[in-house]
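Quick note on labels: first sequence line is chain A, next is B, and so on, each numbered from 1. Keep in mind it's a predicted model, so treat the numbers as computed, not measured.
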Amino acid sequence: MLENIRDTWKSLIETHLAHIIEQEVGGQSTLPPLVAQVPPKPEMGDIAFPLFAYAQLLHIGAPILAKRLKERIEALDDRPTGELLVSGPYLNIKIDVASLATALNATIQEAGEGYGANGSLDGKRVVIEFSCPNTNKPLHLGHMRNDSLGMSMAAILKANGADVRKVNLINNRGVHICKSMLAYQKFSNNETPQSSGIKGDHLVGNYYVKFAQWAKEDPTAEEQAQQMLKKWEEGDSEVMALWQRMNEWTMAGLYESYEAMGISFDAYYWESETYTYGKDEILKGLDEGVFYREEDGSVWVDLCDIKLDKKVLLRSDGTSLYITQDVGTAIMRHKDWPFDAHIYVVGSEQQYHFKVLFSVLERLGYQWAKSLYHLSYGMVNLPEGKMKSREGTVVDADELLASLTALAEEEIRAKGREELVGDIAHTSRAIALGALNYYLLQVTATKDMIFNPAESISFNGNTGPYLQYMGARISSMLAKFHSEQREVEALPFDASLLSLSDERELIKLLARYPEVVAKAGAEYDPSLVTAYLYDLSKLFSRYYHDNPVLKAPSPALVRARIALVRMVDQVLKNAFTLVGIPYLASM
RNA sequence: GCGUUCGUAGCUCAGCUGGAUAGAGCGCCGGACUUCGAAUCCGUAGGCCGAAGGUUCGAAUCCUUCCGAGCGCACCA
């Protein structure tokens, strides 16, 4: 909405700039592009156009040029609504906020939860792969960052019109899986999740830890694990049975965690089925001369020309590697469901791997290889330093969620809101999720981050619950309005009454929301949405704190402010769904 | 060593397709609840934006070098 206004002014000013420059210095074919900015202070207007570059061409001061442009445009009979201001070397526009508010109100009311969405990716299919846990241990904090990013990106891309397919590739085979199996075989006395009362993924994880301890004492442990892997590959019935049993335990646990954290997928893939993929593709590439074979029989790709070194694609015994199966899996997925883009949400430690993977696919001649994207994210560290599984400092996902939930519940009870909140368990969980997702998504994905548990549960300041609180306050305000001032609803909405500085700022911010959704989609960056949410909430908090809505001086003003509050409410709701923050009417 | 990501307030983070005095939160100190729920709001203090050069009318933002940190550099995944 704001974009249209900006573009209108921009092209108008551009035209007149071109005219002036042509008159003064003759046919300048390439003018520098005019950039639109936001003035640092509201009283300077709403849109700013710096004129330095043009003034230089004309050999005059920018303020003089600004003045000339202003006079010239003001002389026009039909020009857009709004006011021109000269502010030093800038030509600024003070937009007509009342007409913007009127249009915005109609748009938001009509679009509802669709406000902010756009069709830029209409008809485009996007696969997004994330989570991809191993079946030998429960989820930890690192996975949570991955899952938050994956879920959020999927929602953002949908809001941009894409047909999104969320996929999860479960790493359910390999030596590391055999390790927990082996330890279980040796030390378990056949305990089960049922007999022990331990959640399946945690039970299996215990044996993975057990293996590490055992391997320290018994040097043959690693060798035994390798032997078990061999048996697995041969389909040994005893090993297969154990594998199946333990994988089921883990998966049951993981499904439970996903459910609790609001994470879902459209398709699951299993490494036990995909690990042999890609071999044929590599051999085909070998035939085509894209790859080469070493004397020992291994197949390689030489990526030195793009500074990526040489990489093995097939072992000398002809078996696949991690990269081989990734090549095969990508090709298979494109056959199954021809996509326009494929995003892999994977930690930054695998950047090199993905560069190689994408290059290999490109060399195999797949045009779509260019649409592959590694959404890389940094490590999650603790205030004390890195999480170390050996030192037991890994933050378990289930435990973290449980403790956040307990704290939220404590807070609700401390405020005596048990009755008002309704389902206290549900509400506490929703607050915990809001806190977690916001905390994890507010940081730029590529950066490493420090997760401070104490801070994430504080619920004060720049946090998820702060945003949820805004929603709850608005809900209760609107409920009160409906029960006490229904008759005011009948009054017409007069946007010109919203003339306070904060009201103007709120309206502009609300009008900017669609641009945020578009940018987050184009740049694959959920943190743009969290940043926007915080700006909106902060501005709104101050506004309703300082200015009564239900007790505004006149019914007409009550009506106008209620309209504004409803717009804020709708945008909060819409943005919440993009970053995994549950909306709560009461908390 | 090579590649890559990053160095902004005491701490955690924004701002980075160059533009008007560098912003939040936490913490510190001080205010505001007979007023739409104080999980809130307001204010004070706190920065040679890692360092040095360069490009530019203008650089936290772009380029180079250096310093410091993370992560890669397996016929592991």
Side-chain angles (χ1 to χ4, degrees), chain A residues 33 35 37 39-41 44 48 50-53 55-56 61-62 87-90 92 132 134 171 173-176 271 275 294 296-300 307-309 311-326 347-353 355 376 378-379 381 383 386 408 411-412 414-415 417 420 431 439 442-444 446-452 454-456 458-463 465-470 472-481 484 523 527-528 530-531 534-535 537-538 541-552 558 561 565 586-587:
Chain A
V35 290
Q37 303 174 334
K41 288 192 171 178
M44 294 171 160
L51 300 172
F52 304 96
Q56 210 173 10
S87 177
Y90 295 83
N92 293 357
C132 305
N134 292 333
N171 300 120
R173 49 135 259 133
V175 211
H176 52 298
E271 203 202 345
Y275 84 108
E294 279 287 345
D296 62 3
S298 55
V299 178
W300 294 69
K307 293 164 82 175
L308 286 179
D309 217 336
K311 192 80 192 167
V312 192
L313 301 175
L314 275 182
R315 289 194 181 96
S316 48
D317 65 3
T319 54
S320 320
L321 288 96
Y322 176 51
I323 186 136
T324 323
Q325 65 170 295
D326 270 1
S348 57
E349 69 272 14
Q350 294 198 38
Q351 278 185 62
Y352 178 72
H353 168 76
K355 280 186 184 168
S376 159
M379 313 212 81
N381 298 315
K386 298 184 61 167
E411 192 72 18
I412 292 168
K415 294 186 179 351
R417 293 191 55 83
L420 298 158
I431 292 168
Y439 198 97
Q442 85 193 121
V443 180
T444 308
T446 53
K447 288 191 180 182
D448 286 356
M449 66 179 287
I450 292 178
F451 183 89
N452 186 333
E455 196 176 289
S456 79
S458 80
F459 302 158
N460 290 322
N462 188 356
T463 65
Y466 170 77
L467 306 176
Q468 289 173 311
Y469 181 68
M470 282 311 107
R473 291 297 301 272
I474 290 175
S475 288
S476 103
M477 194 189 295
L478 290 176
K480 201 159 186 178
F481 174 74
E484 293 174 7
E523 295 180 9
S527 75
L528 297 174
T530 54
Y534 184 67
D535 286 344
S537 297
K538 179 135 178 64
S541 307
R542 186 177 65 198
Y543 169 66
Y544 88 94
H545 183 273
D546 294 348
N547 305 101
V549 174
L550 302 178
K551 290 174 190 163
V558 171
R561 287 184 174 171
V565 169
S586 179
M587 64 187 277

A/Lys415, nearest nucleotide to its side chain (from B/A39, B/C41, B/A77): B/A39

Sugar-phosphate only, base, or nothing, as touched by A/Phe459 at under 4.0 Å among non-hydrogen atoms: base

Interatomic distance where OH belongs to A/Tyr466 and P belongs to B/U40 [whole Å]: 7 Å

Earlier contact from the 5' end, RNA chain B, for A/Pro465 and A/His176: A/Pro465

Nucleotide nearest A/Gln350 when distance is taken to its side chain, options B/A38, B/A77, B/U12: B/A77

Spacing of the P atoms in B/C63 and B/G19 (rounded, Å): 15 Å

A/Asn460 side-chain N/O to B/U40 phosphate OP1/OP2 under 4.0 Å: yes

Interatomic distance at C1', B/A9 relative to B/C28, whole Å: 13 Å

Expected rows: protein N/O vs nucleotides 34-36 of chain B N/O, under 3.5 Å:
residue: B/C36; atom: O2; partner: A/Leu550; partner atom: N; Å: 3.0
residue: B/C36; atom: N3; partner: A/Val549; partner atom: N; Å: 2.9
residue: B/C36; atom: N4; partner: A/Tyr544; partner atom: O; Å: 2.1
residue: B/C36; atom: N4; partner: A/Asn547; partner atom: O; Å: 2.6

Ring centre gap for A/Tyr534 and A/Tyr466 strictly below 6.0 Å: yes

Gap in Å between the two C1' atoms, one belonging to B/C6 and one to B/G50, rounded: 11 Å

Stepwise side-chain contact (heavy atoms from CB on, under 4.5 Å) test for A/Val565 and A/Tyr544: CA-CA 9 Å; A/Val565 169; A/Tyr544 88 94; over 6 Å; no

Toward the 5' end of RNA chain B, by each residue's nearest nucleotide, A/Asp309 or A/Tyr322: A/Asp309

Mate of B/C62 where both pairing distances stay under 3.5 Å, Watson-Crick or G-U: B/G54

Partner nucleotide of B/U4 by Watson-Crick or wobble geometry (both distances under 3.5 Å): B/G70

Flag for A/Thr319-A/Asp317: side-chain donor and acceptor within less than 3.5 Å: yes

Among B/A39, B/A24, B/C42, the nucleotide that comes nearest once only the side chain of A/Tyr534 is considered: B/A24

A/Ile474 CD1 to B/A39 P, straight-line distance once rounded to whole Å: 16 Å

Pairwise C1' distance, B/G37 and B/G43 [rounded to whole Å]: 24 Å

A/Asp448 side-chain N/O to A/Gly378 backbone N/O, donor-acceptor pair under 3.5 Å: no

Rounded distance in Å between the C1' positions of B/C16 and B/A60: 7 Å

Nucleotide B/C6, atom P - distance to CE of A/Met379 in whole Å: 16 Å

Check against side-chain contact (heavy atoms from CB on, under 4.5 Å), A/Tyr322 and A/Gln350: CA-CA 12 Å; A/Tyr322 176 51; A/Gln350 294 198 38; 2.8 Å; yes

Nucleotide nearest A/Arg173 (side chain, heavy atoms from C-beta), chosen from B/A77, B/U5, B/A38: B/A77

Rounded interatomic separation in angstrom, taking CD from A/Glu349 and P from B/A77: 15 Å

Sugar-phosphate, base or nothing in reach of A/Ile323, heavy atoms under 4.0 Å: nothing

Distance, rounded to the nearest Å, where A/Met449 contributes CE and B/U8 contributes P: 16 Å

B/C41 and B/U4, which share atom name C1', separated by this distance in whole Å: 44 Å

Donor-acceptor under 3.5 Å (A/Arg315 side chain, A/Ser298 main chain): no

Show me the protein contacts with nucleotides 16-21 of chain B, counting only N or O atoms at under 3.5 Å.
residue: B/G19; atom: O2'; partner: A/Tyr90; partner atom: OH; Å: 2.0
residue: B/A20; atom: N6; partner: A/Asn92; partner atom: ND2; Å: 3.4
residue: B/A20; atom: N1; partner: A/Ser87; partner atom: OG; Å: 3.3

Any A/Lys355 side-chain nitrogen or oxygen under 4.0 Å from OP1 or OP2 of B/G72: no

Candidates B/A38, B/G72, B/G70 - which lies nearest the side chain of A/Asp448: B/G70

Side-chain N or O of A/Ser541 closer than 4.0 Å to phosphate OP1/OP2 of B/C41: yes

Nucleotide paired to B/C11 in any strand shown, Watson-Crick or G-U, under 3.5 Å: B/G25

Touch class at under 4.0 angstrom, heavy-atom based, for A/Asn452 against every strand present: nothing

Sugar-phosphate, base or nothing in reach of A/Ala472, heavy atoms under 4.0 Å: base

Sugar-phosphate only, base, or nothing, as touched by A/Ser586 at under 4.0 Å among non-hydrogen atoms: base

Phosphate OP1/OP2 of B/C73 contacted by A/Lys307 side-chain N/O (<4.0 Å): no

Contact under 4.0 Å: A/Gln56 side-chain N or O vs B/C57 OP1/OP2: yes

Atom-to-atom span, CG of A/Asp317 to C1' of B/C76 - whole angstrom: 14 Å

Integer angstrom distance from the P of B/C62 to that of B/U17: 7 Å

Atom-to-atom span, CG of A/Leu420 to P of B/G37 - whole angstrom: 11 Å

Side chains of A/Asn171 and A/Cys132 in contact at under 4.5 Å (non-hydrogen atoms): yes

A/Asn462 CG - B/A39 C1' separation (whole Å): 14 Å

